Amino acid sequence: MIRVAFASDDQAHVNLHFGGGERFVVYDIQPGSAELHGIGEFVPARMKGVNAERRPGEDALPEPEEDPAHPPEDKVAVKIAFLDGCAAVYAASIGVSATKRLMEAGIQPIIVDKGHDILDLLNEVSLALVHGGLGWVTRAVRRRNGDAPGKPKGATIHRLITSVEELG
């Protein structure tokens with residue numbers, strides 16, 4: 001089983017930016033099934049700075065130096081804390097800084113087209129648990145199983161096949 005989150009305001013489609021996302025839907029996924037684990041709701045994040053209201057095609061202005069007496073609000077930290085235990089998070093967009101912080105937390109950031117169907121992604125991950133094909137799923141399963149880099153890959157594959165046979 002691996003846990004995966006989706007930035008979604010309707011629980012059916014990935015349609016939110018990670019940093020500005022107000023809701024994350026989290027599923028526990030196994031071969032052949034996915035179960036809703038929980039939903040996290042966050043206060044709407046507002047873009048700040050001189051480029052917050054910039055329209056597409058307009059040149060960005062240089063951001064002023066940060067004031068140490070008034071540090072910017074960290075809208076990402078609370079989301080990463082909520083996603084603790086997730087192997088990945090799907091979003092319509094993820095900024096470079098948030099991507100780096102997710103990776104440092106052991107969470108694979110995945111950007112998909114806005115409106116991508118969550119059910120399709122759940123099926124894709126479920127199939128990858130059995131047949132492979134998604135590198136991040138393979139890495140997540142190895143981490144979960146405590147497989148060291150030198151350990152034979154067959155051990156992980158055997159465990160997955162065994163769990164599929166148990167399903168039926």
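Computed from a predicted model, the values in this text were never measured in an experiment.
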Can you measure from CH2 (Trp136) to CZ (Arg143) and round to the nearest 0.5 angstrom? 9.5 Å
So among Leu127, Ile2, Val130, which one has a side-chain contact (heavy atoms from CB on, under 4.5 Å) with Val137? Ile2
Is there a path of hydrophobic side-chain contacts, each under 4.5 Å between heavy atoms of I, L, V, M, F, W or Y residues, that connects Leu121 with Met1? no
Consider only side-chain heavy atoms of I, L, V, M, F, W and Y, link residues closer than 4.5 Å, and tell whether Ile118 and Leu16 are in one cluster. no
Minimal heavy-atom distance between Gly32 and Ser126, with the atoms involved, is N-OG, 2.7 Å
For Glu35, check side-chain hydrogen bond (donor to acceptor under 3.5 Å, both in side chains) against everything at least two apart and list the hits. none
Go through the structure and list residues passing salt bridge (Lys or Arg N to Asp or Glu O under 4.0 Å) with Arg139, not counting sequence neighbours. none
Using residues 91-112 as the side-chain source, report each donor-acceptor pair under 3.5 Å to any protein atom, sequence neighbours left out, with the distance given to one decimal.
residue	atom	partner	partner atom	Å
Thr99	OG1	Gly95	O	2.9
Arg101	NH1	Asp74	OD1	3.1
Arg101	NH2	Asp74	OD1	3.2
Arg101	NH2	Asp74	OD2	2.8

Arg23: partners by side-chain hydrogen bond (donor to acceptor under 3.5 Å, both in side chains), with sequence neighbours left out: Glu41
Kindly compute the distance separating CG (Asp117) from CG (Asn15), expressed to the nearest 0.5 Å. 11.0 Å
Within 45° of the six-membered ring axis of Phe42 and under 6.0 Å from that ring's centre, is NZ or CZ of Lys79 located there? yes
Does Ala5 have any side-chain contact (heavy atoms from CB on, under 4.5 Å) partners at least two apart in sequence or in another chain, and if so, which? Val26, Leu83, Cys86, Val89
Rounded to the nearest 0.5 Å, what separates atom CD in Glu22 from atom OG in Ser8? 11.5 Å
In terms of heavy-atom contacts, Val25 and Gln11 come closest through CG2-CG, 3.6 Å
If the condition is side-chain contact (heavy atoms from CB on, under 4.5 Å), which residues does Asn123 pass it with, not counting sequence neighbours? Leu119
Here the pair of heavy atoms bringing Val125 nearest to Tyr90 is CG2-OH, 3.7 Å
